Amino acid sequence: MDDEIFIRPYQISLKLVGAWPGCAKLSGFFFVTGWSSILLFFALWNTTEVYENLDFLVDNLVNVIAVVVGLLKLTTLRVKRSIFLFRTLMTILNKMLEDWQTMKMIEEFKAMTDNFERSKWICKSIVMLYNSLILTFLLKPAISYMNDSVEHREYLAPVSFPKFMDAKQSPMYEIITAGEIVTTFLCLNSHALIEGLLASSVLHACSKVDAVRQEIVKFSDVCRTQSGDKMLKLTAIRRLVNVHVNCDEFSENVENIFTVISFFHISLLTLMQVLSGYMFILNLEEGGEILQTLHHGLIIIVILVSCGYYCIAGEYLTNQNELLNVEIYNCFWTEFPVPQQKAIKFILAKSQRPVRLTFGKFDQLNLLCLTKIIKTSFSYLSLVRQVH
């Protein structure tokens, strides 16, 4: 049943980093974080050499932030010291597996299948979006390698090495460039992995909301047509309560995981967007390299789309839970016998606080939050340009 939860690349990636039920090995996780940390060290070394030049410093920080955010998101998701989040992730994955194995109703199967198809399309789009950046990283060093002298060769991202190490000579240059390519691939796909997990989790939560709606209809029919069968009513209300509680718990688990990840993602990538925006405008004004302009322009687009994606996911999950609350209220529960009315009142009371994805518990992720992100980015961009 694994194929109904994630597309194959996501399953393989989660198993490699030990974030899949039954796969606790950390070798893949340590490889990704260790390899990225090595190149991050040399990128940070470069910042100490170019800190007096704002343009070079900004260009370097764009790449540093991207790697740092990827490491933070992956570490938050996997490291067992954040034991609560790791257990919550395992709970979500196990629950998704269990739901596919135990589903019986045709309507439930259709809802889960439709949402899986949506998540599959979103996951593939996310992978393509992030990996499209790799091309803009590769073009500049490839052209430099073919046309420029050894001293003027360029790397994918600005890095510095000890003076005794002639990093521009072959084969050292080729080895370093290959290492940067691997790091870029791992970093970008770690972002894609987390975003794909968000899509699959939110859409599965919406499938559970649909299951609750179906149970509401069945319970309403039982209460209005089977007035004398107490056991049938009791069974129906128990089933409705269980399905609603499971839906609520699953949505809360999704919120608990992604409130931390979204904080790192939005706060740091907003800063990265400001820096890339500065470089993009600077290249346009001063007639900079076309590849560099294209690179930073694509980074701005990717960050806007990814931040908007978090906000849209939060908006969608909140709307689904709020619509469920309205549907419970509008199920003609005032026509039910008194014991069933009391049960519905308890469900309504629990539904008064719909689950919301939040930005580190500070703000709700929705379209209004996306507007705030864009306004904040423009404000900081104006500040950076004034400094320049």
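Because the structure is a prediction, the values reported are computed rather than measured.
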Exam field: side chain Asn366 to backbone Cys369, donor-acceptor pair closer than 3.5 Å: yes
Does any part of the side chain of Leu381, heavy atoms only, come nearer than 4.5 Å to the side chain of Ile281, both counted from C-beta? yes
Trp35 side chain to Gly179 main-chain N or O, any donor-acceptor pair under 3.5 Å? yes
Do Phe280 and Ile300 come close enough that some side-chain heavy atom pair is under 4.5 Å? yes
Evaluate Lys95 against Asn246 for side-chain contact (heavy atoms from CB on, under 4.5 Å), listing each step before the verdict. CA-CA 9 Å; Lys95 193 61 183 175; Asn246 288 334; 4.2 Å; yes
Give me the atom names and distance for the closest heavy-atom approach of Cys311 to Ile373. SG-CD1, 4.0 Å
OG of Ser119 to CG of Leu198, rounded to nearest 0.5 Å, is 11.0 Å
Under 3.5 Å donor-acceptor, Thr358 side chain and Glu255 backbone: no
For Leu357 and Thr259: C-alpha separation, side-chain torsions, deciding distance, then whether side-chain contact (heavy atoms from CB on, under 4.5 Å) applies. CA-CA 6 Å; Leu357 292 183; Thr259 186; over 6 Å; no
Polar side-chain atom of Ser36 near backbone of Thr33 as donor-acceptor pair, under 3.5 Å: no
Only distances under 3.5 Å count here; give the side-chain donor-acceptor pairs of residues 266-273 to other protein atoms, sequence neighbours excluded, each with its distance to 0.1 Å.
residue: Ser267; atom: OG; partner: Phe263; partner atom: O; Å: 2.4
residue: Thr270; atom: OG1; partner: Ile266; partner atom: O; Å: 2.5
residue: Gln273; atom: NE2; partner: Ser377; partner atom: OG; Å: 2.6

For residues His265 and Val69, report the shortest heavy-atom separation together with the two atoms involved. CA-CG1, 4.1 Å
Which value, rounded to the nearest 0.5 Å, describes the distance between Ser207 atom OG and Phe250 atom CZ? 9.0 Å
In Å, rounded to the nearest 0.5 Å, how long is the span from CD1 of Ile92 to CG of Leu197? 7.0 Å
May I ask you to test the Trp121-Ser125 pair for a side-chain heavy-atom distance under 4.5 Å? yes
How far apart are the C-alpha atoms of Leu282 and Tyr278, what are their side-chain angles, what is the distance that settles it, and do they pass the side-chain contact (heavy atoms from CB on, under 4.5 Å) test? CA-CA 6 Å; Leu282 183 68; Tyr278 168 79; 4.2 Å; yes
Check whether any side-chain N or O of Thr177 sits under 3.5 Å from a backbone N or O of Glu174 as a donor-acceptor pair, and report yes or no. no
Between Ser132 (side chain) and Leu129 (backbone), is there a donor-acceptor pair under 3.5 Å? yes
Tell me whether the NZ or CZ atom of Lys73 lies within the 45° cone about the ring axis of Phe264 and under 6.0 Å from its centre. no
For the residue pair Phe362 and Phe359, categorise the inter-ring angle as parallel (less than 30°), tilted (30 to 60°) or perpendicular (more than 60°). tilted
Got a second to check how far Glu195's CD is from Cys123's SG, nearest 0.5 Å? 10.0 Å
Please determine whether residues Val67 and Phe185 belong to a single hydrophobic cluster, defined as Ile, Leu, Val, Met, Phe, Trp and Tyr linked transitively by side-chain heavy-atom distances below 4.5 Å. yes
Do side-chain atoms of Thr48 reach the backbone of Trp45 as a donor and acceptor pair under 3.5 angstrom? yes
To the nearest 0.5 Å, tell me how far Ile374 CD1 sits from Ser379 OG. 12.0 Å
Decide side-chain contact (heavy atoms from CB on, under 4.5 Å) for Ile134 and Asn131; before the verdict, give the C-alpha distance in whole Å, the side-chain angles of both, and the deciding distance to 0.1 Å. CA-CA 5 Å; Ile134 295 178; Asn131 283 277; 3.2 Å; yes
Any luck finding a side-chain donor-acceptor pair between His191 and Ser306 under 3.5 Å? no
With sequence neighbours left out, what residues match Ile122 under side chain to side chain contact (heavy atoms under 4.5 Å, CB included)? Ile126, Ala199, Leu203, Tyr309
Beyond-backbone contact of Gln364 with Thr318, side-chain heavy atoms, under 4.5 angstrom: yes
When every non-hydrogen atom of Phe258 is compared with those of Ile194, the smallest separation belongs to CE2-O, 3.8 Å
Closest heavy-atom pair and its distance - Ala43, Asn60: O-ND2, 3.1 Å
Same hydrophobic cluster for Leu304 and Leu294, using side-chain heavy-atom links shorter than 4.5 Å among ILVMFWY? no
Among the clusters formed by ILVMFWY side chains lying less than 4.5 Å apart, do Ile257 and Ile312 turn up in the same one? no
With hydrophobic residues grouped by side-chain heavy-atom distances under 4.5 Å, do Leu284 and Phe378 end up in a single group? yes
Between Ile175 and Leu40, is there shared hydrophobic-cluster membership here, with clusters defined by ILVMFWY side-chain heavy atoms closer than 4.5 Å? no
For the CD1 atom of Ile65 and the CD1 atom of Ile303, what is their distance to the nearest 0.5 Å? 8.5 Å
Residue pair Gly70 / Ser190: nearest heavy atoms and the distance that separates them: CA-OG, 3.9 Å
Taking Ser251 for its side chain and Cys247 for its backbone only, find out whether a donor-acceptor pair lies under 3.5 Å. yes
Quick check: closest heavy atoms across Ser201 and Val254, and the distance to 0.1 Å? CB-CG2, 3.9 Å
